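Everything below concerns the one structure shown next.
Sequential numbering from 1 along the given sequence is applied to the chain's residues. Remember, predicted model here, so these are calculated numbers, not experimental data.
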Amino acid sequence: MQSKHDKKMSEAALLYAYGELPQSEEKAFLEHLKICPLCQNTIRTTNLLNAALPQIKAPENLIRLPKVGVKPKRHWFSLPSFNFNLRLLTPLGAAAAITVMAIGFYQTAALYSARNQAEAARDIDSIYDSLYILEDETEDLISYIDSL
């Protein structure tokens with residue numbers, strides 16, 4: 001077994017930590033694990049993370065698979081089903097969402113633009129002042145370097 005760590009060993013470390021490493025690969029991985037601190041750390045970290053996370057059991061209705069070819073029973077209070085063409089609804093819904101967002105952005109921009117014009121002018125003036133100072137300092141630095 002090589003002492004070099006590669007992607008296959010990273011995957012094997014995770015599989016080993018979860019108890020899913022095939023027995024045919026386990027002996028070789030355990031030899032590698034003795035000399036690889038990266039894999040040791042992966043297993044240690046995975047075990048700590050699993051211990052910290054709560055163990056959640058899947059609901060029974062997710063575990064049971066429906067029988068193939070059997071239609072579900074309809075209750076007396078069930079509503080009729082309508083067959084919508086979802087391929088048509090998706091672009092229409094996206095267009096409606098984009099329209100609503102565009103209107104919201106426009107109204108927000110119009111509201112804040114009047115308030116922020118004076119602030120923006122002050123900010124631009126301060127940026128120009130900073131650039132002029134930077135230009136002066138750059139010229140001073142260049143002249144100092146030239147004098148050396």
(request) Look up atom CG in Asn47 and atom CZ in Arg44, then write down how far apart they are to the nearest 0.5 Å. (result) 9.5 Å
(message) Looking at every non-hydrogen atom in both residues, tell me the closest pair between Tyr16 and Leu30 and how far apart they are.
(response) OH-CD2, 3.6 Å
(request) Output the distance between atom CD (Glu11) and atom CD (Glu25), rounded to the nearest 0.5 Å. (result) 10.0 Å
(message) Show, in sequence, the C-alpha distance, side-chain angles and deciding distance for Glu139 and Asp136, and conclude whether the side-chain contact (heavy atoms from CB on, under 4.5 Å) test is met.
(response) CA-CA 5 Å; Glu139 288 174 359; Asp136 292 341; 4.3 Å; yes
(request) For residues Met9 and Cys39, report the shortest heavy-atom separation together with the two atoms involved. (result) O-SG, 3.8 Å
(message) Checking one residue: Phe105. Which other hydrophobic residues are in its cluster under the side-chain 4.5 Å linking rule?
(response) Met101
(message) Give me the atom names and distance for the closest heavy-atom approach of Ile43 to Ala13.
(response) CG1-O, 3.7 Å
(message) Rounded at 0.5 Å granularity, tell me how far OG1 in Thr46 sits from CG in Asn41.
(response) 9.0 Å
(request) Might you point out which heavy atoms bring Leu33 and Gln40 nearest each other, and give the distance in Å? (result) O-NE2, 2.7 Å
